[in-house]
Amino acid sequence: MDDTFRIMKGLYLLFLLSLSGVVCVSIRYSLPEEKKSGSLVANVLKDLKLGPGELSAHNAQLVSKSKKQYFQLDTRSGNLFISDKIDREALCGEMDSCLLLSEIVLQNPLTIYSIEMQIEDINDNSPTFSQTELDLSIPENVPTNSRFPLEPAQDRDLGKNSIQNYTLSPNEYFHLEIQSGRSGKKNLDLILEKPLDREKEAQFGLTLTAVDGGVPQRTGTVQININVLDINDNFPEFTQSEYIVGLKENSPQDTLVLKVEARDLDFGSNAEITYLFHQVPEEIGHLFYLHHSTGEITVLGPIDYEKETSYYMNIKATDGGGRSGHCKVLVEIEDENDNVPEISAISITSPLAEDSPVDSLVVLFSITDQDSGDNGRTSCSMEMNLPFLLKNTVNNYHQLVTQSPLDREKVPEYNITITATDWGSPRLTSRRTIRVLISDINDNSPVFEKSKYEMQVWENNIPGLLMGSVHAVDLDVEQNAKVTYSLVPGNASGAPAASYVSINSETGNLYVLRSLDYEQIKEFRVRVRASDGGSPSLSSEVVVRVMILDENDNAPFFLYPLQNSTSTFNELVPKSVEAGYLVAKVVAVDGDSGQNSWLSYELLKATDPSLFNIGAQNGEVKTRRPLTERDTNKQRLIILVRDNGHPPQTSTATLHILPVDGFSDPYLNIASVSHEAGEEDGSLTMYLVICLAAVSFVFLICIIVFVVIKVHKKESSFITALPQFPPALPEIPETGVDSQSGSLSRAYHYDVCLTGGSLSSDFRFLQPLIPVFSMGDQNISENHRFSSVSQEIPEQSESQKEKEQGAIALPALIAVFVRVYSYHYTSSQT
């Protein structure tokens, strides 16, 4: 019942597969028979090119095409084991090729893999005779050279493992003659050499030995008992010595094949004939039945044309007296269309280059059908809309060639289904899917992920800092898709690009090679090239814009009072001033930008903190209260300026304020001024102009000398102390702050009262002509980068102080002359 259910289940599965178009991919193994249960056959995962766990994931099942399940599949490991010992002779008999067919069925999607197990023969069977003893009755009047056919031994093994020879024990009456029949089987005849004499010897025994060709060699014996009879002088004779009959395969059981007939001229029991198979393989007894009395041969088992195209058998007719006659029967099997065509790939070009020319061979395959005639004639086809074409050749060979160009980037592989159909009735069809991979050629350039890149880096960076990375993708594969990066030779902000940045050729990471200064360079651009590893190599380029971010690395610098000046700055203040009197305006600048250059002022230290205050934004120093007699005659103010960076930078400067007695009201009558005083002032003015011209000339000579030194020696140490004079700054309101150069009002005035001995009443100091020094020089900003810089910095070296003093002394001296000149000029006018 279980075997019938398994057969029906397998047939139903085959029917569904034929309807759904599922392709069975065949793999073949060779296995010797009689291996122990549990022995490993193979690992199907490797041969089917499946990954670990795919069998379990798709609920794989092993379906046997035979009645018995001989194998077991471990779906987790993919190992195929023997579940039951296999006897080749029991399965296939004397067939040359013994195959066990199984299928591995995977679900979701439904996929079937066919397994052909070739069972190899081993010498595990000894030759055997159908009987251990054979009684042979021979009349005594049998002439010499009479033949007595003997039933040959049966060896279920094949080839060299089958029976190779027979031997007969030594005797004086008989010898053994061996002949090969039309079917290739050996026929044994016992030949009488010497007449029998029942009176001398009524019976005797012989030993017939069958020897096979295996290693080790196996033998089988039968004991022949010779009984000498009295005379029965007629033998049964068949109407034909050989019968030839045709039989369709798959004929049902009990179908009449042939009726043989033998006659005996004797009477009585000597004429009663019995029919038996003689010298036939064991398989004949399973497929055909011979009626002992009538001689009718009927079908007993399944007849398959593909297993055997004909059957050759010997029929023995024996009468009651022990005499026998023989005939031969040849049953030729007629083919039915019961086999589907089989597609066998001879060669598969995979992977196939995507630049393969048209008409390139992709697959060479053959189609075979085990049926014959029109049942074995086949035709094949494939699905449309593919860049391939089928070409027929001779002997059922076919070629699959390209018919249009291929593009791996569009379609990296093809699953080509080939359909084979025979010409039988009804027509049978089989399909096979062949996977063809398309190999890559270098036909795509690398493509950057962005059309341009922007990166930011803080100034004063550490050399070797990672700025960012660029990335390009190549649609090719393997070496053709391996992208390397490099810098395109060129200049960036007047210098070679390679002096600013370097790039990792594999990752595309960009590193800055040196410390950058925002005050010198705001941004620069470099070009990056991405090249693939193909031959020839393809490349593309992209622009990388690097923006420098400002850091608060420059301390504020005082323009007035001039920072680091060796001379003191004194301001004269009448003792009669009221609260809110403008004493001086402190001016500072910062070389940074943005909020790093926003400056605020505060009074760090003062002789009398209650006497003066300073505007946090405009730097105006004003009196907080009127001066008194108790106030000292010299007020020393230490002013701190702080920028808005993080962390903030500071600088300090010292301002001396001298309260003065005896200043008159600015608007006193000037009529009393004597003519002599005017002449004195005129002379003094002339001297001052001469001095100013001389100092200006000396200053111009110094500037020329410094420029020449800078051009010829390129030594930054000389440039460090040299102040620069930018264009005049724009007007800034008193309450405003200039983000670039500090806070400095362009116009303010002092009202000063002179003593009676000064020969002039009063003057108004209009616009102070104080030189403005640029903070753009790198070395100056380096000297005031991290800490608060006061007017007296003890850490500076003597040489540095001398350079700074030499650079500052001239502008300070000019400022003094300008102020004195302005004072006298104003006095002379008033």
Side-chain angles (χ1 to χ4, degrees), residues 554-573 581-593 595-604 606 612-623 636-645 648-657 723-750 765-777 780-781 783-784 788-791 804 807-819 822:
N554 290 285
F557 184 82
F558 280 97
L559 298 181
Y560 182 79
L562 187 61
Q563 187 171 319
N564 302 329
S565 175
T566 57
S567 61
T568 61
F569 286 82
N570 299 322
E571 291 290 343
L572 302 179
V573 177
Y581 179 80
L582 178 63
V583 178
K585 184 176 180 67
V586 177
V587 180
V589 294
D590 195 308
D592 295 317
S593 62
Q595 68 175 10
N596 293 331
S597 65
W598 297 351
L599 304 180
S600 61
Y601 303 90
E602 62 179 90
L603 195 57
L604 182 63
F612 300 99
N613 63 5
I614 185 169
Q617 302 299 326
N618 54 25
E620 293 181 350
V621 180
K622 295 182 180 181
T623 58
R636 182 172 179 265
L637 304 182
I638 299 178
I639 301 169
L640 181 140
V641 60
R642 177 182 289 107
D643 60 23
N644 198 36
Q649 301 259 24
T650 60
S651 296
T652 59
T654 303
L655 181 64
H656 296 274
I657 300 177
Q724 300 178 6
F725 301 92
L729 300 173
E731 294 257 352
I732 303 174
E734 291 184 2
T735 59
V737 178
D738 181 70
S739 63
Q740 298 295 329
S741 58
S743 57
L744 175 61
S745 176
R746 290 289 302 275
Y748 60 91
H749 66 272
Y750 297 98
F765 184 52
L766 298 176
Q767 290 185 342
L769 303 177
I770 299 175
V772 180
F773 302 100
S774 172
M775 294 297 293
D777 190 277
I780 292 178
S781 45
N783 292 334
H784 311 282
S788 172
V789 181
S790 66
Q791 190 172 1
E804 293 179 351
I808 296 173
L810 287 175
L813 185 59
I814 294 172
V816 172
F817 275 104
V818 170
R819 295 192 63 187
S822 300

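Just so it is clear, the values below take in all heavy atoms, side chains as well, and ignore hydrogens, waters and symmetry mates.
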Pair Val586-Val641, side-chain contact (heavy atoms from CB on, under 4.5 Å): steps then yes or no
CA-CA 9 Å; Val586 177; Val641 60; over 6 Å; no
Closest approach of Asn644 to Gln595 (non-hydrogen atoms, all atoms of both residues)
CB-O, 2.9 Å
Heavy-atom pair of closest approach, residues Pro556 and Leu599
CG-CD2, 3.8 Å
Report the C-alpha distance between Ile657 and Asn570 in whole Å, list the side-chain angles of each, state the deciding distance to 0.1 Å, and finish with yes or no for side-chain contact (heavy atoms from CB on, under 4.5 Å).
CA-CA 5 Å; Ile657 300 177; Asn570 299 322; over 6 Å; no
Short side-chain to backbone donor-acceptor contact, Tyr601 and Ala588, under 3.5 Å:
yes
With sequence neighbours excluded, tell me which residues meet side chain to side chain contact (heavy atoms under 4.5 Å, CB included) with Thr623.
Val577, Tyr581, Val583, Phe612
Kindly compute the distance separating NE2 (His656) from CZ (Arg636), expressed to the nearest 0.5 Å.
5.5 Å
Can you name the closest pair of heavy atoms from Ala606 and Leu637 and give their distance?
CB-CD2, 3.4 Å
Student check: side-chain heavy atoms of Phe557 and Leu562 closer than 4.5 Å
yes
Could you state the interatomic distance from CG (Leu655) to CD1 (Ile639), rounded to the nearest 0.5 Å?
5.0 Å
Using the test side chain to side chain contact (heavy atoms under 4.5 Å, CB included), find all partners of Leu604 that sit at least two apart in sequence or belong to another chain.
Ile638, Leu640, Thr652
